[in-house]
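The structure that follows is given in the form of structure tokens.
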Amino acid sequence: MATALHAPILDWYAENARDLPWRRPEAGPWAILVSEIMLQQTPVVRVLPVWTEWMERWPTPAALAAEPPGEAVRHWGRLGYPRRALNLHACARAVTSEHGGRVPQGYEELRRLPGVGDYTAAAVASFAFGRSHAVLDTNVRRVLARAVRGEEYPPKATTAAERKLAESLLPALDAPRWAVAVMELGALVCTARAPRCADCPVAASCAWRLAGRPAYDGPERRGQTYAGTDRQCRGRLLAVLREAHGAVPKAALDVVWDDAVQRERALDGLIADGLAQVLPDGAYRLPA
DNA sequence: CACTCGTGGGC
DNA sequence: TGCCCAAGAGT
């Protein structure tokens, strides 16, 4: 469907798109899948160097699948949410063993890969294979909330109404370009904190701007605390394992977190998640 | 569904 | 300076 939004946003994208390596024609499905998982909850500028290193080191799913999972975790560096590294490694092995070494093209098959949810399956099907899907990431949801619904922020969880709206906006031609254009607008102009409406190609028809940019009026948007949490503790512990090539004695982990109860809980969590292993001598390492 | 899961930078 | 957010997924 063509609306007052399509042409302005597509034209704006043609002029303002960032030159990101996973958007170039030579980027294949594997490169795109890796980028999408790295980009989950993670800014582009931090993904760029890690993605580049991964693509040089593991240009194909088979190359990564041949490694132990710990190598994926090690080269994840400080991207955050390191279970994504395990997910990508598991994707590589699934693609290699079940899909002949090629990333599957269909949404349903993609969706079954570890770490591939609704967004990532739609994004890969769209960007790597040219399929038409509603690609609902945080940027798209925010742009539609403002431009169409007239609200500053979308609901906390994606609703059926949002999905229906996004699907109703799918163009007959080149849905992938539409998807990436809306995402880019949300990332560069229609940002969460300080939207740059003066630079927005759809400012004239934006329901939220026309309503005077009313402040968010929904349920509390709870911020994430971090200092002192298990997440911070897990991060510290895993950093030690990443930086040590090989096994580390438990004492090397004990020194990075004072609270022993929390430290043990976090360590157990890392092991349960497959991010760490205990050796018979009591030393720890990344999963082999 | 609410909660967990890292990390760093911008405002 | 702290708070908020960033191409979400799994449970």
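Letters A, B, ... mirror the listed sequences (proteins, then strands); counts begin at 1. Just so you know, these numbers use all the heavy atoms, side chains as well, and skip hydrogens, waters and symmetry mates.
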Looking at every strand, decide which applies to L238(A) at a 4.0 Å heavy-atom threshold: base, sugar-phosphate, or nothing. nothing
Closest of dC5(B), dG8(B), dA6(C) to the R78(A) side chain is dG8(B)
So, with a heavy-atom separation below 4.0 Å from DNA chain C, the residues of residues 115-144 of chain A are G115(A), V116(A), G117(A), D118(A), Y119(A), T120(A), D137(A), T138(A), N139(A), R142(A)
Got a list of protein N/O to nucleotides 9-11 of chain B N/O distances below 3.5 Å?
from: dG10(B); atom 1: N2; to: R193(A); atom 2: NH1; distance (Å): 3.1

Those residues at least two apart in sequence (or on a different chain) that pass salt bridge (charged side-chain N to carboxylate O under 4.0 Å, His left out) with R234(A) are D273(A)
Using a heavy-atom cut-off of 4.0 Å across all strands, would you classify L237(A) as base, sugar-phosphate, or nothing? nothing
All heavy atoms of W208(A) vs all of P214(A), minimum pair found to be NE1-O, 2.8 Å
Margin query: Could you check, using the six-membered ring where one of them is a Trp, whether W58(A) and W30(A) have ring centers closer than 6.0 angstrom?
Written below: no
Exercise. With a non-hydrogen cut-off below 4.0 angstrom, is W76(A) in contact with a base, only sugar-phosphate, or nothing?
Worked result: nothing
To the nearest angstrom, the CD-P distance between Q232(A) and dG8(B) comes to 11 Å
Sub-6.0 Å ring centroid separation between H6(A) and W178(A):
yes
Would you kindly say whether Y119(A) and Q40(A) are connected by a side-chain donor-acceptor distance under 3.5 Å? no
